[in-house]
> 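Here it is: the structure, laid out below.
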Amino acid sequence: MTAADLPIAGSNSDLAMLYRTMRRVRSFEERVGELFVRGQSAGSMLHLSIGEESAAVGVCAAMKPQDTFTTHHRGHGIFLARGADPKRMMAEIGGKEAGYCHGKGGSMHIADMGLGHLGANAIVGGGIPAVVGAGLSARHKGNGAVSVAFFGDGATGQGILYESMNMAALWKLPVLFCCINNQYGMGTRIDNATANTALHERARAFGLEGETVDGLDVEMVAEAARRLVDGARAGRPGFLAVECYRFFGHARKDKSPYRDQAEEELGRAKDPIAFARARMISGGLLAEAALDAIDTEIDAEMDATIDFAVAQTEPPLASMFRDVYALTEPEPEPVRTRIDRVLARN
Amino acid sequence: MTAADLPIAGSNSDLAMLYRTMRRVRSFEERVGELFVRGQSAGSMLHLSIGEESAAVGVCAAMKPQDTFTTHHRGHGIFLARGADPKRMMAEIGGKEAGYCHGKGGSMHIADMGLGHLGANAIVGGGIPAVVGAGLSARHKGNGAVSVAFFGDGATGQGILYESMNMAALWKLPVLFCCINNQYGMGTRIDNATANTALHERARAFGLEGETVDGLDVEMVAEAARRLVDGARAGRPGFLAVECYRFFGHARKDKSPYRDQAEEELGRAKDPIAFARARMISGGLLAEAALDAIDTEIDAEMDATIDFAVAQTEPPLASMFRDVYALTEPEPEPVRTRIDRVLARN
Amino acid sequence: MVEMTYREALRKALADAMTENPDIVLLGEEVGRYGGAYGVTRDLIKEFGEHRVIDTPISEAAIVGAAVGAAMTGLRPVAELMYVDFIGMTMDQLANQAAKIRYMFGGQIGVPMVLRTQGGTGRSAGAQHSQSLEAFVMHTPGLRLAMPATVADAYHLLRQALVRPDPVVFIEHKALYTMKEDVDLDAEPLPWGKAAVRRSGDDVVIVTYSRQVHHAMAAAATLAQQGVEATVIDLRTLNPLDFETVRGCVEKVGRAIVVSEGVMTAGVGAELSARISEECFDFLHDPVVRVAGEDIPISVSPALEAGSVPGPALIVETALRMLA
Amino acid sequence: MVEMTYREALRKALADAMTENPDIVLLGEEVGRYGGAYGVTRDLIKEFGEHRVIDTPISEAAIVGAAVGAAMTGLRPVAELMYVDFIGMTMDQLANQAAKIRYMFGGQIGVPMVLRTQGGTGRSAGAQHSQSLEAFVMHTPGLRLAMPATVADAYHLLRQALVRPDPVVFIEHKALYTMKEDVDLDAEPLPWGKAAVRRSGDDVVIVTYSRQVHHAMAAAATLAQQGVEATVIDLRTLNPLDFETVRGCVEKVGRAIVVSEGVMTAGVGAELSARISEECFDFLHDPVVRVAGEDIPISVSPALEAGSVPGPALIVETALRMLA
Ligand SMILES: Cc1ncc(C[n+]2csc(CCOP(=O)(O)OP(=O)(O)O)c2C)c(N)n1
Ligand SMILES: Cc1ncc(C[n+]2csc(CCOP(=O)(O)OP(=O)(O)O)c2C)c(N)n1
Ligand SMILES: [Mg+2]
Ligand SMILES: [Mg+2]
């Protein structure tokens, strides 16, 4: 399946479609949480993007089929917004053979070349410089592709972000740096990680177009993203910070003891899905009932992803040695084989 | 010899003293070149600071005895401005036992704890984060020490600079980041390394006080440095870019084929020493003859550093195993000893 | 004797050392308010304040670099690297700065810092959160390296690391944090740099460290049931390396298996196997066998993850075949 | 046959490959206008333009990271790391990204890039510009590693690296750039991954690579004058490692010396010594001996620098004593 022949979920930016996509993201993330509770996930390092759906959906809506992107560890929503198959995603999160990466990558290492997903990354900032390289490829091939690096506010602590922004600006590459600022890096609130939280100012100081947008309104996010993605395509690389709030703990086991109730309630009140829903109803775009119907349909689709993932098989043990190197190369020699040879003399 | 009992050369900032110190730096650097030509230097990786004396001298003039600093690979002038013994410096550059580091460090790794010199570094950007740690120490001990990181424009390509500036701003540490912008990193002119050459803007975006000053006028540099060093001491970390020009090649063997005559002449015309000299004469501060006398005296002193260095002995071979670990620890076992043990059976 | 977990012992070592030495400061990601990703520094910020337990931005390179500068100016920093997998971002500050400063500067100054981190498999954390990278450190002159396997060593090695004059990389194992042991912390500890013979037997010597010590002990117990007596050596520190203890046991027994969780090729097992083969040549009845991690990345799939590293079964099987 | 330097051969390999494959781009510090710190890329920017020979800011981590992204999107990047000593800043992008992407993503995509760099002593460049750090790479599954010793290999191994499907770290030796040899580049080269037996002798096998091959050959010549015949194996690539060739020679001769310039502990020599001892156990008359760099940093003092690494004399001395 390639980006070309697949309907990029976000690429239609009318509000109903944006709502639907955000709703699919949230419904999926809720099911990821359930997969964990049912002990069917591979590990507990599962980072839900609930509360920041507008960033994933709004920015993906501005991307074209030939565009590419990398994400951070909290990337489920971005990939779904790009048109991922939730079943294969859930299977990967369960560490199953049917997953996007055959159970080797898991939640933090999902990728799909068909959709231009150059990979999620478990290293904070680790996926950022790749878009500079993708930008060089686009320039070289003249294929008009933009490459977007999605990362969190915490990644602004990583020097490689600045090295990458400097290169993109210097070479005028078709690149967008998208910072999903959910206010927290694990237990550290952004103002405990930096003295100036107006992150776009740094990008401007390096010569990039830099903006910050409120993630509450997905239409505003989509609009800002379109401006910056189109600018990047025209050789004006950019930076977009989307302000939102991480509704739940950092990973499945974190109950956020480090922040208080009041702050959480305030943060969760900034719900882009509820906001879009209200606007559609008040604007007479869609009636409550119609929206409920959409939600029910989506929840049913997402319920199925759990059953699918649970039903899948673990990758075969021998697959462990596959894909360390290209298939045309010999696989690494198993330790057992080496021990056998050493002990063969006996 | 400690900073306290040593007259910090730069610490007197009247123009005559600033001139004298700049002149000593240049005279020393010229002798370093001569040491190389005479085949008496340890290697050819010798980076002369000719043309950028005002940065070293102006900033050191703003520092106090308890202050500390790190430098980049082009750090001779900074250390001299701080009050280094040119003989021991030259001996180190010659790789001799009498040098500051007993011939192990050389030109790119001179250090002296007595003068608060935490070390020159051969890794571009490598010495920058140390000042954040020195800042933490000063905060912890309440000794009012400021720590200054000296580095070149090329180091602005290194992410660790931004990680360090972010920490310093976040923690309000007594730290100054001093970028000696001589317009080049090896053969790369600054505008081929970044899209925005107004480097202080980056520092400001991280929440630091940021300024750029023209290195032609050492008094202006000293004034800006005092403002920022005092600010840092008061908990307002800063960044100072000193604009100058690298008069000669990157290292001893580089003839700068990558830049044209015209540009070089323009650059070399920005000579902080000639500028200070002219100002003192026109201002009637010192007469030409008096200045010539100073120059002659300094040149004689610096000539002696070559003779001194050449006369020194190489470090004893056995010293190779010393100082890998503390003297209280056993030295690493020589390869020969290990081979002996293995072959002892024969 | 009190019962305590590996995590609690580490925390107590930090608390006790910080109480004794006011110049010890902790810095790292989430070490303060969050209490450490694995809870080792829980509540230390309440006890010692945020100027001694410093939450940092996500800047591994600068964290280590700041620790270097702090150590050079009179503090005794303990930098925490949340996962040893992130050492790649710090290798310049660690290997080119911390490790070489004393030497390059001719012995003028040392860098008495501790870099605490943790590694290993066991949590389906995937290729970038499950590695065992101690070989990088062992291959870098100037860096000391401690890897505690027991609760008592978690405490004592950390206390000892905090009085060493040189930089110490201290690698914990994520699968051991909840391990409980009865310990008497007042009992005289083994000296720094000394290996521990955890069990003695005359048939085969198993040389290992960190979590694999427990796999080796489990294997030894199984082997005993089959009449095979194994000596198990816990190296405790890889630099300094107590090869004398290894030599003594191997020369007596004549057979050695070296076990490490890190990938086999050019790993710690290679150094141990090479030294034993070179220096105990005339005493070996059989070639040294390396039991180590496969030369592959770690998968999130629990099945593949478990299959990628040694366990008791492989050690038992290897010993039995060696003695067959 | 034409006479050519190691540097010229490398440059020709890049030029020829770039002419054949328009997707090859070079990026790194000073590779363009300056022509490379050691002149390997001199004038290539004039020939191929600044979009294929890209001067970068001083950002090692992002240079490697950009090469990874370029390789994943259809280019064949050759990133230059000016000194292997700077690998510390790139280890995350190299070991956690380039090396693991194919695996983590289940084989969807590879990272066909080459990281060209140079290492070793010989220029009084000091502790941060004289290291031999190939062991870090050899210990990282997913990375191939080539280290040419001859002018012909400088050309052929680089050409071969540029058609490999996986990331290749290509480490040149700074002391070899000016070395001249007569080469016939049209002659069929040895296949990728095959070691070269540079000289055959029945008394001792010397296994090495890169610059130490020349020290080993010089030692072998001296030894021959004293009636000792040495086999000298040039491994050429450390991953893949052609152990079959080593095994064949060692089983025939029964004595082996492994030589590397990098520090001894946990280095490449350890892996080679361990494998030979483990796999050729019954054929060894004597223990394998490692001749390697001292476990110390490199000094700028020419005397100390030279004393820190192996030279022909130590190899000769070791062989003679082994055969005594
Ligand atoms: C290099 C690195 N350092 C630290 C971590 C541990 N870690 C994982 S996520 C995270 C917080 C990241 O915060 P942010 O970038 O804001 O992303 P978010 O989790 O908020 O989406 C940290 C510190 C890591 N995975 N990689
Ligand atoms: C990490 C690192 N990358 C590259 C180099 C090679 N190098 C040495 S100096 C230099 C240029 C530095 O330029 P700048 O920072 O402006 O200092 P200047 O030489 O102009 O004083 C380079 C690229 C190095 N020593 N360290
Ligand atoms: Mg965040
Ligand atoms: Mg410069």
Side-chain angles (χ1 to χ4, degrees), chain C residues 60-61 85-97 99-100 103-104 126-128 131 133-142 238-239 241 258 262-282 284 286-290 294-297 299-300, chain D residues 60-61 85-97 99-100 103-104 126-128 131 133-142 238-239 241 258 262-282 284 286-290 294-297 299-300:
Chain C
E60 285 77 16
D85 306 69
F86 311 154
I87 203 167
M89 271 156 297
T90 74
M91 274 309 270
D92 181 70
Q93 286 299 315
L94 194 59
N96 278 338
Q97 312 300 338
K100 295 178 169 61
Y103 194 82
M104 294 190 299
Q128 298 172 333
Q131 299 172 84
L133 301 177
E134 57 272 17
F136 291 164
V137 178
M138 193 184 195
H139 187 55
T140 305
L238 293 174
N239 180 355
L241 177 69
V258 301
V263 303
M264 179 182 278
T265 298
V268 170
E271 175 62 29
L272 298 173
S273 174
R275 277 197 84 159
I276 294 170
S277 300
E278 291 160 6
E279 303 200 13
C280 309
F281 188 77
D282 294 312
L284 291 174
D286 292 285
V288 177
V289 177
R290 267 184 285 170
E294 301 288 351
D295 286 320
I296 64 176
S299 293
V300 287
Chain D
E60 286 78 13
D85 306 69
F86 312 154
I87 202 168
M89 271 156 298
T90 74
M91 275 307 272
D92 181 69
Q93 286 299 317
L94 194 58
N96 278 339
Q97 313 300 338
K100 295 177 170 62
Y103 194 82
M104 294 190 298
Q128 298 173 334
Q131 299 172 83
L133 301 176
E134 57 271 17
F136 291 164
V137 178
M138 193 185 196
H139 188 53
T140 305
L238 293 174
N239 181 354
L241 177 68
V258 301
V263 303
M264 180 182 276
T265 299
V268 171
E271 174 63 28
L272 298 173
S273 173
R275 276 198 84 161
I276 293 170
S277 300
E278 291 160 5
E279 303 200 12
C280 308
F281 188 77
D282 294 313
L284 291 174
D286 292 285
V288 177
V289 177
R290 268 184 283 171
E294 300 289 351
D295 285 320
I296 65 176
S299 294
V300 286

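Throughout, protein chains are lettered first and strands after them, A, B, ... in sequence-line order, and every chain is numbered starting at 1.
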> Would you say C:Glu60's side chain and C:Thr90's backbone share a donor-acceptor pair under 3.5 angstrom?
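Flag not set: sc C:Glu60 to bb C:Thr90 has no pair under 3.5 Å.
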> Per the salt bridge (Lys or Arg N to Asp or Glu O under 4.0 Å) rule, what does the pair list look like for residues 262-272 of chain C, sequence neighbours excluded?
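Non-adjacent pairs meeting salt bridge (Lys or Arg N to Asp or Glu O under 4.0 Å): B:Arg338-C:Glu271, C:Glu271-D:Arg290.
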> With a 4.5 angstrom heavy-atom cut-off, which part of D:Ala127 approaches chain C: side chain, backbone, both or neither?
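Contact with chain C: backbone and side chain both.
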> Taking D:Ser273's backbone N and O only, do any of them form a donor-acceptor pair with D:Ser277's side chain (distance below 3.5 Å, no angle check)?
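It does hold such a pair.
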> Between chain D and each of C:Glu279, C:Glu278, C:Met138, C:Met104, count heavy-atom pairs under 4.5 Å; write down the option with the most.
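When all of C:Glu279, C:Glu278, C:Met138, C:Met104 are compared, C:Glu278 has the most.
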> Select, from C:Ala135, C:Gly262, C:Ala274, the one with the greatest count of heavy-atom pairs under 4.5 Å involving chain D.
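Going by pairs under 4.5 Å, I would pick C:Ala274.
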> Looking at C:Gln97, C:Gln93, C:Arg275, C:Gln131, which one has more heavy-atom pairs under 4.5 Å with chain D than the rest?
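So the answer, after comparing C:Gln97, C:Gln93, C:Arg275, C:Gln131, is C:Gln131.
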> Given the options D:Leu133, D:Ile276, D:Asp92, which has more heavy-atom pairs under 4.5 Å with chain C than any of the others?
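Most pairs with chain C among the choices: D:Asp92.
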> Hey, which of D:Phe86, D:Tyr103, D:Phe281 has the most heavy atom pairs under 4.5 Å with chain C?
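Between D:Phe86, D:Tyr103, D:Phe281, the count favours D:Phe281.
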> Any donor and acceptor pair, going by atom type alone, linking the side chain of C:Asp295 with main-chain N or O of C:Met264 inside 3.5 Å?
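Pair found, side chain donor or acceptor close to backbone of C:Met264.
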> Given the options D:Asn239, D:Ile296, D:Asn96, which has more heavy-atom pairs under 4.5 Å with chain C than any of the others?
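The candidate making the most pairs under 4.5 Å is D:Asn96.
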> Let's test your reading of the structure: which of C:Thr140, C:Val289, C:Val288 forms the most heavy-atom pairs below 4.5 Å with chain D?
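Looking at each option in turn, the highest pair count goes to C:Val288.
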> Report the distance from atom CE of C:Met89 to atom CE of D:Met91, rounding to the nearest 0.5 Å.
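Between C:Met89 CE and D:Met91 CE, I get 11.5 Å after rounding to 0.5 Å.
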> Please determine, among D:Ala270, D:Ala61, D:Cys280, the option with the most heavy-atom pairs under 4.5 Å with chain C.
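Ranked by heavy-atom pairs under 4.5 Å with chain C, first place is D:Ala270.
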> Using non-hydrogen atoms only, which part of C:Leu284 is less than 4.5 Å away from chain D: side chain, backbone, both, or neither?
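For C:Leu284, heavy atoms of backbone and side chain both lie under 4.5 Å from chain D.
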> Examine whether an atom of D:Phe136 lies under 4.5 Å from a heavy atom of chain C, and if so say whether it belongs to the side chain, the backbone or both; otherwise answer neither.
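Its backbone and side chain both get close to chain C.
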> Which of these, C:Val258, C:Leu241, C:Leu238, sits in a side-chain contact (heavy atoms from CB on, under 4.5 Å) with C:Val268?
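Only match with C:Val268 under side-chain contact (heavy atoms from CB on, under 4.5 Å): C:Leu238.
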